[in-house]
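For reference, the structure discussed in these notes is given below.
In what follows, chains are A, B, ... by sequence order, proteins preceding strands, each numbered from 1. Computed over heavy atoms, backbone and side chain alike; hydrogens, waters and symmetry mates excluded. Note that this is a predicted model, so its numbers are computed, not measured.
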Protein chains: 2
Amino acid sequence: MLSKKTKYGIKALTCIARQEKGTMLQIASIAEQENISHKFLESILLTLRKSGVLGAKKGKGGGYYLLKQAEEVKMTDVIRTLEGPIAMVPCVSLNFYEKCDDCPDENACAVHKLMIQVRDNTLDVLRNTTLADLV
Amino acid sequence: MLSKKTKYGIKALTCIARQEKGTMLQIASIAEQENISHKFLESILLTLRKSGVLGAKKGKGGGYYLLKQAEEVKMTDVIRTLEGPIAMVPCVSLNFYEKCDDCPDENACAVHKLMIQVRDNTLDVLRNTTLADLV
DNA sequence: ATTAATCCTAGTAACCCGATAGGGTAAATG
DNA sequence: CATTTACCCTATCGGGTTACTAGGATTAAT
């Protein structure tokens with residue numbers, strides 16, 4: 001299940017991407033448009049800024065803006081930043097790999113085999129979808 | 001993330017499927033083979049029995065056995081039984097649909113659009129993988 | 001100086017997951 | 001028929017995560 005954090009994050013990004021280039025969008029404005037708790041959204045945008053997708057300007061007239069072209073913001077990156085692993089099981093995760101404590105042999109594991117396929121198909125979608133495709 | 005419940009369930013099913021037809025496999029035996037807590041596995045197999053995939057025989061010499069051909073046990077069914085929805089967001093779930101409380105218009109929602117694609121790709125894999133493919 | 005905005009740390013209530021406890025029930029065996 | 005074996009079922013609990021909140025610090029325009 002996708003967390004609300006990720007869901008809100010993607011929605012916020014599309015809001016910002018729809019903005020004319022060079023203009024700012026404020027937390028309050030996004031929160032109202034998308035029915036998101038202001039404070040919660042604040043923490044989400046902070047994470048996105050730290051990850052390098054968003055820039056922010058403080059003070060009066062400040063707000064958030066995209067640092068990259070919308071075409072360059074891949075969904076894989078956004079989801080990994082906000083949600084964590086894309087794989088359904090740590091032992092098939094590319095970026096967050098972890099061995100299972102049960103399972104002496106990964107290659108013999110039915111779940112492993114199955115989840116690699118699921119992961120590859122999901123990655124295929126997420127890698128080829130950018131923010132530009134969503135606005 | 002796949003819950004351990006589902007993970008263990010799939011592993012247990014493959015154990016049972018590997019068995020010669022007509023023979024029983026006991027909880028204790030599966031638990032030991034796959035390093036799963038005996039009691040936890042018990043509750044998982046119970047769920048699978050109630051869903052109609054497994055049959056059980058009580059008493060001495062009892063155990064679990066497949067009620068269907070391994071080729072007929074689709075991963076979609078198993079996962080829906082143990083994990084619940086396959087979709088990453090309730091608003092794109094076929095079997096567990098739920099409207100989002102934010103989101104006035106689903107068709108205008110970026111997350112919705114994206115997650116439908118992910119769902120379709122995942123379903124494609126899970127529908128075309130049966131227990132027989134995993135043993 | 002004041003106001004408006006982001007930045008940042010901490011905390012918390014509610015929920016879910018994995019596991020356990022403890023007995024109940026059915027069936028085979030001697 | 002008693003005993004043992006193995007599944008059936010409910011309840012509970014600790015720990016972790018999620019979604020959200022509080023409260024102020026910092027920065028920048030007016």
* Donor-acceptor under 3.5 Å (A:Ser93 side chain, A:Pro90 main chain) -> no
* Asked: Above 12 or not: heavy atoms from other molecules or residues under 6.0 Å from CD of B:Glu32?
  -> no
* Under the salt bridge (charged side-chain N to carboxylate O under 4.0 Å, His left out) criterion, do A:Asp102 and B:Lys11 qualify, and how do the steps go? -> CA-CA 11 Å; A:Asp102 56 312; B:Lys11 282 189 165 192; 2.8 Å; yes
* Summarise protein proximity over nucleotides 22-30 of chain C in one line of letters, 5' to 3': B for base, S for sugar-phosphate only, - for none, counting protein heavy atoms closer than 4.0 Å. => BB--BBSS-
* To do: Check the surroundings of atom NZ in B:Lys74: do more than 12 heavy atoms from other residues, nucleotides or ligands lie under 6.0 Å from it?
  => no
Under 3.5 Å, which protein N or O atoms sit close to an N or O of nucleotides 12-17 of chain C? Give each pair with its distance.
none

* Rounded distance [0.5 Å steps], OG1 in B:Thr129 versus CG in B:Asp133 -> 5.5 Å
* To do: Indicate whether the side chain of A:Glu71 and that of A:Thr130 have a donor and an acceptor atom separated by less than 3.5 Å.
  => no
* Could you give the CG-to-P distance, from A:Leu54 to C:dC7, as a whole number of Å? -> 10 Å
* Asked: Taking side chain as C-beta onward, heavy atoms only, is B:Val89 less than 4.5 Å from B:His112?
  -> no
* Find the distance B:Lys7:NZ to C:dG18:C1' and express it as a whole number of Å. => 12 Å
* Would you kindly say whether A:Lys21 and A:Gln69 are connected by a side-chain donor-acceptor distance under 3.5 Å? => yes
* Structure fact -> To the nearest angstrom, the CZ-C1' distance between A:Phe40 and C:dA10 comes to 16 Å
* **Leading and trailing nucleotides of DNA chain D with any atom under 4.0 Å from heavy atoms of chain A** => D:dA19 to D:dT30
* To do: Identify whether A:Val125 and A:Leu114 are in the same connected component of the hydrophobic contact network (ILVMFWY, side-chain heavy atoms under 4.5 Å).
  => no
* Send over the distance from B:Lys5 NZ to C:dA19 C1', rounded to a whole Å. => 12 Å
* **Nearest-Å distance for atom pair NE2/P, residues B:His38 and C:dA21** => 13 Å
* Whole-Å distance separating the CG atom of A:Leu46 from the P atom of C:dT6 -> 11 Å
* To do: Could you state whether A:Leu13 and B:Val118 fall into the same hydrophobic cluster, counting links through intermediate Ile, Leu, Val, Met, Phe, Trp or Tyr residues with side-chain heavy atoms under 4.5 angstrom apart?
  => yes
* Contact check, side chains of B:Glu106 and B:Lys99, non-hydrogen atoms, under 4.5 Å -> yes
* OP1, OP2 of C:dA19 versus side-chain N and O of B:Tyr8: anything below 4.0 Å? -> yes
* Classify the nucleic acid contact of A:Leu45 as base, sugar-phosphate or nothing, counting any heavy atom under 4.0 Å across all strands shown. => nothing
